[in-house]
Chemist: 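There's a structure below that I have some questions on.
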Protein chains: 2
Amino acid sequence: MSQEHIKELVDRYISLSFSVAKKGENLVKCQIGDDLTNDQHYTLRYIHQVSECTSTELAEVFEVKKSAITAIINRLWEKGLIQRTRDQKDRRVVYLTLTDKGNILFRKTENRIHKLVESLINKFEQEEIEKFLKTYEKLNQVLTESKDYKMEE
Amino acid sequence: MSQEHIKELVDRYISLSFSVAKKGENLVKCQIGDDLTNDQHYTLRYIHQVSECTSTELAEVFEVKKSAITAIINRLWEKGLIQRTRDQKDRRVVYLTLTDKGNILFRKTENRIHKLVESLINKFEQEEIEKFLKTYEKLNQVLTESKDYKMEE
DNA sequence: GTTAATAGTTAAACAGTTGAATTATTAAAT
DNA sequence: ATTTAATAATTCAACTGTTTAACTATTAAC
């Protein structure tokens with residue numbers, strides 16, 4: 001592939017990924033309302049998915065430091081959406097779960113987002129979506145493998 | 001499409017977009033180094049692309065409020081990477097351009113990012129990339145049109 | 001039984017964001 | 001032509017999310 005062609009693909013990809021992420025975030029924020037930020041909703045989403053998890057697990061999944069997780073969890077905890085439970089065997093560990101209030105709020109917002117995406121997804125052929133996600137998954141894999149990429153010179 | 005299938009696609013897409021964005025950001029940050037944040041580099045990138053622009057234009061492109069742009073521009077200006085020039089006809093307008101220092105730094109970091117992406121892009125067939133970007137562009141278009149999506153109930 | 005490692009928190013500092021108020025300038029109204 | 005509107009940009013206070021470094025509490029290793 002020529003240098004010029006690569007540059008064009010890169011430029012297209014960078015612009016797109018930025019634009020799509022931004023627009024997606026904004027649309028999601030409209031559905032979420034003022035109760036939660038996007039990151040907070042995403043955190044609830046993960047905990048809901050796995051039922052129960054720890055700060056360390058969240059930090060690994062979100063690829064941030066543990067103190068960043070503490071801050072987010074504190075805000076969700078202050079809103080009464082999350083419960084902290086100490087492990088009785090290993091008392092260093094704190095398990096995070098959704099409270100009833102957290103569950104209700106998550107389901108409500110998730111339902112709104114689901115309807116939004118449903119209204120968007122109809123504009124695509126099913127096969128187009130499948131292929132897109134397949135390449136996206138491959139990209140994710142490649143990025144994971146390149147985690148420790150360093151420049152030579 | 002069945003409800004269950006939609007939910008699965010949505011879940012896959014949300015997880016992927018989050019993960020890819022995060023990993024991409026981290027890789028880019030490694031190339032940029034400590035001189036710039038990703039947002040700062042992206043701002044330099046846009047100004048470099050269009051040669052000259054205003055705060056209002058940046059706010060529209062990045063879909064944030066103008067005061068957020070002022071903050072970013074201030075930091076770049078303090079580093080001597082950006083120049084502010086008042087329009088002589090309409091003295092409310094301030095044109096933003098890269099300084100020589102800004103140009104040199106941008107080119108250096110952009111070159112490193114370019115080499116990174118080049119090393120990743122080889123893992124894909126050209127046709128796969130084209131199709132992926134095409135769907136991505138369509139998604140971007142659909143999101144743009146849905147900007148004012150509101151729930152019915 | 002002392003030393004290491006681990007899980008989580010705290011505090012200071014910073015980037016990015018919003019919203020409301022402000023300044024300076026230009027456009028519109030009548 | 002003078003007042004009123006709108007526009008471009010900035011400032012300030014408040015907030016979220018982030019990192020780094022120091023710290024507490026607990027468990028594992030030797």
Side-chain angles (χ1 to χ4, degrees), chain A residues 18 21-23 25-26 28-30 32-47 52-79 81-97, chain B residues 18 21-23 25-26 28-30 32-47 52-79 81-97:
Chain A
F18 193 87
K22 206 84 192 179
K23 292 196 174 84
E25 274 173 26
N26 284 340
V28 168
K29 193 181 289 175
C30 288
I32 290 178
D34 295 331
D35 295 333
L36 295 172
T37 66
N38 284 6
D39 281 332
Q40 286 167 3
H41 175 255
Y42 197 78
T43 306
L44 292 186
R45 181 172 228 275
Y46 182 83
I47 299 176
E52 182 178 85
C53 71
T54 64
S55 288
T56 303
E57 183 180 343
L58 279 173
E60 278 162 10
V61 173
F62 292 179
E63 296 182 45
V64 295
K65 298 283 177 275
K66 280 191 290 188
S67 52
I69 299 298
T70 301
I72 290 181
I73 296 299
N74 276 339
R75 291 181 198 111
L76 290 170
W77 184 82
E78 280 159 17
K79 292 178 183 171
L81 304 173
I82 276 191
Q83 223 168 0
R84 285 171 155 124
T85 320
R86 282 224 112 85
D87 185 331
Q88 288 309 311
K89 287 183 187 168
D90 184 344
R91 295 186 46 74
R92 292 170 301 182
V93 178
V94 175
Y95 293 117
L96 304 171
T97 51
Chain B
F18 193 87
K22 205 84 191 174
K23 292 197 174 83
E25 274 172 26
N26 284 340
V28 167
K29 194 182 287 174
C30 288
I32 289 178
D34 294 331
D35 295 332
L36 295 171
T37 66
N38 285 8
D39 282 331
Q40 286 167 3
H41 176 256
Y42 198 77
T43 306
L44 293 186
R45 181 171 227 273
Y46 183 82
I47 300 177
E52 182 179 87
C53 70
T54 64
S55 286
T56 303
E57 182 180 343
L58 279 173
E60 279 162 9
V61 173
F62 291 1
E63 295 180 45
V64 295
K65 298 284 177 273
K66 280 193 288 190
S67 53
I69 299 296
T70 301
I72 291 181
I73 296 298
N74 276 340
R75 289 181 200 110
L76 291 170
W77 184 82
E78 280 159 18
K79 291 177 183 171
L81 304 173
I82 275 191
Q83 224 168 359
R84 283 169 155 128
T85 320
R86 281 223 115 84
D87 185 334
Q88 288 309 310
K89 287 183 188 167
D90 185 342
R91 293 185 49 73
R92 291 170 300 182
V93 178
V94 175
Y95 293 117
L96 304 171
T97 52

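Convention: sequence-line order gives letters A, B, ...; per-chain numbering from 1. We use all heavy atoms of the structure for the numbers below, so side chains are in, but hydrogens, waters and symmetry mates are not.
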Chemist: For B:Thr56 and D:dA9, is the shortest distance between a side-chain N/O and OP1 or OP2 below 4.0 Å?
Modeler: yes
Chemist: Counting the atoms with a prime plus P, OP1 and OP2 as sugar-phosphate, which does B:Lys65 contact under 4.0 Å by heavy atoms, base, sugar-phosphate, or nothing?
Modeler: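 Since only primed, P, OP1 and OP2 atoms lie under 4.0 Å of B:Lys65, the category is sugar-phosphate.
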Chemist: Would you mind reading off the distance between B:Asn74 atom CG and D:dT10 atom P, rounded to a whole angstrom?
Modeler: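 Going from CG in B:Asn74 over to P in D:dT10 covers 7 Å.
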Chemist: In Å, rounded to the nearest 0.5 Å, how long is the span from CG of B:Asp35 to NE2 of B:His41?
Modeler: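 So the gap between those two atoms works out to 11.0 Å.
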Chemist: If I take atom CZ in residue B:Arg75 and atom P in nucleotide D:dT18, what distance separates them, rounded to the nearest angstrom?
Modeler: 16 Å
Chemist: Can you name the nearest heavy-atom pair linking A:Ile82 to A:Trp77, along with the distance?
Modeler: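 Of all heavy-atom pairs spanning A:Ile82 and A:Trp77, the closest is O-CD1, 3.3 Å.
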Chemist: As a test of reading the structure: which of D:dT10, D:dT26, D:dA6 is closest to the side chain of B:Arg92, going by heavy atoms?
Modeler: D:dA6
Chemist: Output the rounded distance in Å from CG (A:Asp34) to C1' (D:dC15).
Modeler: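 Rounded to the whole Å, the gap is 13 Å.
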Chemist: Could a donor-acceptor pair under 3.5 angstrom be found where the side chain of B:Ser55 meets the base of D:dT10?
Modeler: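 It does not, because no donor-acceptor pair links the side chain of B:Ser55 to the base of D:dT10 below 3.5 Å.
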Chemist: Starting at CG of A:Leu44 and ending at P of D:dT16, how long is that distance when rounded to a whole Å?
Modeler: 14 Å
Chemist: To check you understand the geometry: which heavy-atom pair defines the closest contact between A:Arg86 and A:Arg91, and what is its length?
Modeler: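 Shortest heavy-atom contact: NE-O, 2.7 Å.
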Chemist: Check B:Arg84 against B:Thr70 and note the closest heavy-atom contact, atom names and distance.
Modeler: NH2-O, 4.2 Å
Chemist: Need one value for A:Lys89: base, sugar-phosphate or nothing, where a base atom within 4.0 Å counts as base even if backbone is also close, heavy atoms only.
Modeler: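 Touches sugar-phosphate only.
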Chemist: What is the nucleic acid contact for B:Lys22, judged by heavy atoms within less than 4.0 Å: base, sugar-phosphate only, or nothing?
Modeler: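 Result for B:Lys22 = sugar-phosphate.
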Chemist: Syn versus anti for C:dA15, judged by chi lying within 90° of 0?
Modeler: anti
Chemist: Where is the tightest heavy-atom contact between B:Ile47 and B:Leu96, given as atom of each residue plus distance?
Modeler: CG2-O, 3.7 Å
Chemist: If you apply the rule side-chain contact (heavy atoms from CB on, under 4.5 Å), what do you find for A:Ile69 with A:Thr56, and how did you get there?
Modeler: CA-CA 8 Å; A:Ile69 299 298; A:Thr56 303; over 6 Å; no
Chemist: Just checking A:Thr54: base, sugar-phosphate only, or nothing, at a heavy-atom cut-off of under 4.0 Å?
Modeler: sugar-phosphate
Chemist: Within this structure, what is the CG-to-P distance between B:Asn38 and D:dG17, rounded to whole angstrom?
Modeler: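 Roughly 18 Å, once rounded to whole Å.
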Chemist: First and last nucleotide of DNA chain C in contact with chain B, 5' to 3', at under 4.0 Å to a heavy atom: what are they?
Modeler: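 Reading along DNA chain C, I get C:dA15 to C:dT26.
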Chemist: Let me spell it out: for each of A:Arg86 and B:Val64, pick the nucleotide of DNA chain C with the closest heavy atom. Which residue's pick is nearer the 5' end?
Modeler: A:Arg86
Chemist: Does A:Arg92 pair with A:Asp90 as a salt bridge, N-O distance under 4.0 Å?
Modeler: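 Yes.
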Chemist: Using Watson-Crick and G-U wobble pairs with both distances under 3.5 Å, what is the 5'-to-3' dot-bracket string of DNA chain D, with [ ] for crossing pairs and | for pairs outside the strand?
Modeler: ||||.|||||||||||||||||||||.|||
Chemist: Could you check A:Ser55 against A:Val94 for side-chain contact (heavy atoms from CB on, under 4.5 Å), going step by step and ending with a plain yes or no?
Modeler: CA-CA 8 Å; A:Ser55 288; A:Val94 175; 6.0 Å; no
Chemist: Could you give the NZ-to-P distance, from A:Lys66 to D:dT24, as a whole number of Å?
Modeler: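 Rounding to the nearest Å, NZ of A:Lys66 and P of D:dT24 are 16 Å apart.
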Chemist: If you find the nucleotide of DNA chain D closest to B:Ile69 and the one closest to A:Asp87, which residue's nucleotide is nearer the 5' end?
Modeler: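 Residue closer to the 5' terminus by nearest nucleotide: B:Ile69.
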Chemist: Using the glycosidic torsion, which applies to C:dA13: syn (within 90° of 0) or anti (everything else)?
Modeler: anti
Chemist: For a quick test of reading the model, state the closest non-hydrogen atom pair linking B:Lys22 to A:Val64 and the distance between them.
Modeler: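 It is NZ-CG1, 3.8 Å.
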Chemist: How many whole angstroms separate atom CG of A:Asp90 from atom C1' of D:dA28?
Modeler: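 Atom-to-atom, A:Asp90 to D:dA28, this comes out as 10 Å.
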Chemist: Nearest-Å distance, CZ (B:Phe62) to P (D:dA9)?
Modeler: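 In whole Å, D:dA9 P and B:Phe62 CZ are 15 Å from each other.
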Chemist: Give a yes/no answer on whether the side chain of A:Thr37 brings an N or O atom under 4.0 Å of OP1 or OP2 in D:dG17.
Modeler: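 True: A:Thr37 side-chain N/O within range (under 4.0 Å) of D:dG17 OP1/OP2.
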Chemist: Find which nucleotide of DNA chain D each of B:Val93 and A:Ala68 is nearest to by heavy atoms, and output the residue with the more 5' nucleotide.
Modeler: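 By nearest-heavy-atom nucleotide position, the 5'-most residue is B:Val93.
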Chemist: Output yes when at least one side-chain N/O atom of B:Arg84 is less than 4.0 Å from OP1 or OP2 of D:dA9, else no.
Modeler: no
Chemist: Mind listing the closest non-hydrogen atom pair of A:Glu25 and A:Asn38 along with its distance?
Modeler: O-ND2, 3.1 Å
Chemist: I'd like to know whether B:Thr43 forms a side-chain contact (heavy atoms from CB on, under 4.5 Å) with B:Phe62, so could you lay out the CA-CA distance, the side-chain angles of the two residues, the decisive distance to 0.1 Å, and finally the verdict.
Modeler: CA-CA 9 Å; B:Thr43 306; B:Phe62 291 1; 3.6 Å; yes
